[in-house]
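Computed from a prediction, not measured in an experiment: that's the story for all the values here. Each ligand, and each atom within it, is numbered from 1 in the order the structure gives. Residue indices begin at 1 and follow the sequence shown.
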Amino acid sequence: MKQKQQSLLRKLPGVDHVLEAWDKKQPMDDVPRTLLVRSIRTTLDQLRTRILAGDETLDETTFDDDQLLQLISQAADKSMEFNLKRVINATGVVVHTNLGRSLLPESVAQHVAEISSRYSNLEFDLEKGARGSRYSCVEDILCEITGAEAAMVVNNNAGAVFLSLETMAKGKEVIVSRGELVEIGGSFRIPDVMARSGAKLVEVGTTNRTHLPDYENAIRDETALLLKVHTSNYSILGFTADVPLEDLVALGAKYHLPVMYDWGSGNFVDFSKYGLTAEPTAQETMATGIDLLTFSGDKMLGGPQAGIILGRKDVLEQIKKNPLTRALRIDKLTLAALEALLHLYRDESTAVAAIPTLRMLTLSLKIIDSKARRLRNRLKKIGDARLETVIMKASSRVGGGALPLQELPTKCVGVKIDGLSANAIERLTRESMPPVIGYIEEDLFVMDARTIQDEEIAVIASTFKSILMGG
Ligand SMILES: *Cc1c(COP(=O)(O)O)cnc(C)c1O
């Protein structure tokens with residue numbers, strides 16, 4: 001070890017000494033004692049690691065009480081922040097799985113706040129004055145909107161698929177097309193989920209083409225279910241064929257076998273009216289006569305994390321009786337959010353205007369362009385010659401594994417700062433409060449206006465102001 005390192009290590013004070021110095025100066029007065037001691041320890045540990053690594057920027061002045069207390073205040077400050085915090089999504093990915101997927105509409109969030117901070121009739125029937133079902137508040141409205149006979153909600157769609165398979169096909173066979181054995185993020189793979197549910201996967205057809213006789217030829221006494229899976233996050237192009245849901249439903253009817261569809265995302269609104277790829281709605285899908293349909297609450301539906309199960313009454317009765325529903329049940333916050341969201345869906349134009357996911361997906365290029373220009377103007381107003389901005393054309397993405405090929409023309413603001421690399425800007429904005437998450441393209445830091453909320457424009461401007469001031 002070099003002499004300088006040894007001498008620095010010797011000068012590094014102990015926890016008790018720093019604690020005493022803190023008590024004398026009290027740079028922050030509201031730090032709980034255990035947190036303070038922890039912050040001192042981690043700060044000293046970090047300094048020791050830096051000394052051992054031969055960090056040239058360290059010298060004895062780093063260990064002056066004032067300097068050290070400042071480092072510890074910063075560490076304590078950081079520990080007192082919430083780990084889970086709001087961020088500004090400037091990535092242009094609307095249903096961003098890493099950034100919380102869907103945003104609840106303000107009115108929905110308010111309802112959640114009220115229900116969660118008060119007693120509620122969660123499992124109490126106010127008309128009968130007796131115990132009620134926690135799912136009743138959303139069952140009727142789900143049926144009303146989708147035309148389903150019965151409905152049920154669990155923790156997420158992965159749970160909905162698992163519960164449905166476990167109920168309908170444990171110890172039996174489930175027929176699925178080879179082209180639909182999907183893996184989605186977070187290691188949810190149809191073959192694995194199937195195995196865990198105790199159902200046996202019977203693959204039919206080929207990767208690119210599966211026909212009705214492929215299913216029919218695989219049906220035997222052990223068959224319990226015909227399953228269709230939405231290929232959410234990929235598309236098979238070229239010489240392809242799959243069996244339409246209607247034909248699968250007819251085949252199921254012929255052999256008295258239930259047909260289930262893992263729909264992944266899921267929508268009540270026909271997005272093709274707004275220029276997006278056509279995807280049948282839940283109403284149209286239920287009208288095929290399908291027995292079971294499962295989808296997410298927080299993908300293109302734009303609500304809270306939940307797994308929605310729609311289907312025939314007798315099938316849903318079986319699912320509700322499965323003891324696993326207790327392990328997968330949703331809490332009152334989710335129920336409150338889902339019910340309030342479903343109320344918005346009673347009127348399509350209300351839903352498209354009020355539900356952020358829907359609003360962002362259907363924004364016109366003109367509106368996005370004006371948002372991008374407003375952001376650029378705010379940045380220009382900072383009046384710093386080192387900052388260069390351009391308006392750029394780009395493509396946003398739906399995200400959440402939905403409509404992977406969908407092009408969503410958008411406008412972005414690209415930023416350059418003289419003396420800072422794009423990587424440095426990306427890091428500084430990400431470490432700001434609130435963090436601003438954008439992306440790098442060539443030598444620019446890029447922010448997509450589609451996913452930036454109106455009131456966030458001013459926040460982004462002040463983020464850049466403080467970055468430029470070196471704060
Ligand atoms: C997203 C998805 C799931 C899982 O849904 P979660 O709500 O994330 O649990 C299951 N199947 C398909 C086809 C999906 O796209």
Between R430 and E426, does any side-chain N to carboxylate O distance fall below 4.0 Å? yes
Taking only residues two or more places apart in sequence or in another chain, which ones pass ring pair (Phe, Tyr, Trp, His ring centres under 6.0 Å) with Y345? F268
Within the 4.0 Å heavy-atom cut-off around ligand 1, the contacting residues, ordered by chain and number, are R101, N156, N157, A158, I184, F188, H230, S232, D262, G264, S296, K299
Taking only Lys NZ, Arg NE, NH1 and NH2, and the carboxylate oxygens of Asp or Glu, determine whether D125 and R131 approach each other closer than 4.0 Å. no
Assess whether a salt bridge exists between K228 and D242, defined as any Lys/Arg side-chain N lying under 4.0 Å from an Asp/Glu carboxylate O. yes
Whether K332 and E339 form a salt bridge (side-chain N of Lys/Arg under 4.0 Å from carboxylate O of Asp/Glu) is what I want to check. no
Pair D192 + R196: basic N to acidic O under 4.0 Å: no
